Amino acid sequence: MEIKLYLSKSADILCDYGCFVESPGLLNGRMGIALYLYRCARSLQEDKYELYADDLLDGVLNDLHIGMQMDMHTGLAGIGIGLEYLMKNKFISVETTDLLDEVDALVRDAQLSDQDMASYWLARGHKDELYLDMVNRKQPDLDAGKVSLQNLLSLSLFNLVYTQNLSLLPWITRIRHLINDPALLDNFLKLSNRYNLGLNFHLTGCGWMLLDYQNE
Amino acid sequence: MFDIPTLSFCITCKNRFYQIEQTLKKNLDDNRMFKHLIEFVLIDFGSTDGLQEWIKNNFSEEIDAGYLKYFYTNEMENWHVSIAKNTAHLMAVNDIVVNLDCDNFTGCNGGRFLIQHFLKNKVNTVIQQYGGDPYDGSFGRISVYRHAFIEVGGYDESFEPMGVQDLDLIERLKKQGYQYLLVNDPSYNRAVFNTKEVGVCNTKSHLKWYEMVAKNSAQSGRNLAEGYLIANNGYLHLNYNLSDMYGNKIVFK
């Protein structure tokens with residue numbers, strides 16, 4: 001199906017229901033949905049999506065609290081990465097350095113997984129922190145160190161209904177297969193509920209890959 | 001597909017144009033982002049202050065879209081708040097009903113705010129958005145699932161025309177196991193200032209406000225103590241014939 005059609009229809013659904021996803025996080029929650037809507041707004045030149053993205057972002061920032069989860073999927077590390085992404089790509093013009101410095105401090109003390117920790121420091125551009133962390137853990141893991149935010153998302157996105165398995169094919173090949181399916185969106189909608197609208201799941205995850213594919 | 005409950009704001013009005021002209025457009029605008037989940041139900045009980053004309057001239061788009069539903073009756077000679085509120089709640093079609101006095105503001109995305117609270121809590125929850133000041137106009141902002149409202153018989157129509165009907169509804173719901181949630185967020189429970197005497201005037205009752213409160217409190221207390229938790233014998237019905245903005249009679253199903 002046409003990429004623009006998929007993007008606009010999926011974005012419409014996320015405008016209507018994205019705010020009811022409980023998690024504020026990047027991969028499973030509203031932060032990721034906000035990123036997706038910002039990208040759709042720019043790609044489709046549609047102000048409405050930016051309006052809803054702003055609303056979602058406000059909600060995420062209002063949900064930040066002491067003691068919240070720290071991980072990349074539902075927690076603060078992912079939200080920090082999301083903010084960095086928005087700032088670097090000029091989706092928001094607010095200066096977030098102070099806030100991200102605070103997030104850095106919290107992430108440094110958190111017990112994140114190797115992959116989450118590596119991804120966070122790479123995404124923040126702090127390679128020195130990454131290697132220091134690996135040395136301190138005495139678990140040098142170059143594979144984890146090579147995982148970038150883009151790859152993290154792509155690996156997660158392989159867990160789509162169509163395959164149910166991690167694919168060995170490059171993700172770009174998977175997208176070419178998916179685009180040709182005219183029932184793609186309808187099938188994803190049938191499987192969607194308010195718990196699986198995040199970037200980590202089929203509807204939004206596939207849209208994210210389509211946006212990347214469009215920009216290739 | 002998404003299991004998101006829908007919501008109806010239930011508004012009643014009789015000769016309070018000077019209040020509703022401050023609140024209605026703002027409330028409609030503040031909830032437009034989620035109008036696919038929200039409706040506003042306004043019952044005009046025979047206002048003679050230009051309300052109907054104002055609605056016709058300013059909100060035809062919202063009415064055509066079903067976002068605002070306007071109903072009119074001139075059969076209620078004397079104001080009775082329980083009957084009025086029950087009428088509005090009966091004409092609502094969404095999952096959650098919210099009593100919104102015509103002098104109250106929902107706040108920006110106030111409907112979405114309430115839906116999110118219901119999603120986080122049990123289905124048998126009653127939410128009150130009371131600001132803490134008995135004269136701030138927010139005491140009556142009560143939200144509950146529509147089926148629950150009907151099951152308990154709504155507001156007690158046997159009461160004197162004004163006073164205690166809100167508290168009585170909440171207490172009956174609590175006695176039946178409903179979780180009571182006080183959500184006092186000033187962003188979502190503001191109201192236009194007014195006094196009780198304005199409402200009493202329309203009731204044409206010989207009782208003063210505090211006398212109505214005393215009588216209704218006593219009756220409510222007796223009912224609760226004796227286990228009469230369903231108001232109106234469980235039979236909620238429209239007391240009056242209603243018509244829409246164009247004069248078409250409404251058939252209530």
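For clarity, every value in this text was computed on a predicted model and none was experimentally measured. Protein chains get the first letters and strands the later ones, always in sequence-line order, with residue 1 at the start of each.
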[atom1]/[X]: more than 12 non-hydrogen atoms of other groups inside 6.0 Å:
| X | atom1 | value |
| --- | --- | --- |
| A:Q69 | CD | no |
| A:K48 | NZ | yes |
| A:R42 | CZ | yes |
| B:Y180 | OH | yes |

Toward chain A, the part of B:I4 with a non-hydrogen atom under 4.5 Å: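 The side chain, not the backbone.
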For residues [X] and [Y], determine if any side-chain heavy atom of one lies less than 4.5 Å from a side-chain heavy atom of the other.
| X | Y | value |
| --- | --- | --- |
| B:D3 | A:F20 | no |
| A:E22 | B:L119 | no |
| B:R112 | A:D55 | yes |
| A:V21 | B:F2 | no |

Shortest non-hydrogen separation from A:C19 to B:Q116 and the atoms involved: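 Nearest pair, atom of A:C19 first, then B:Q116: O-NE2, 3.0 Å.
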Mutual orientation of the aromatic rings belonging to B:F34 and A:Y52 [parallel < 30°, tilted 30-60°, perpendicular > 60°]: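 The rings of B:F34 and A:Y52 stand perpendicular, inter-plane angle above 60°.
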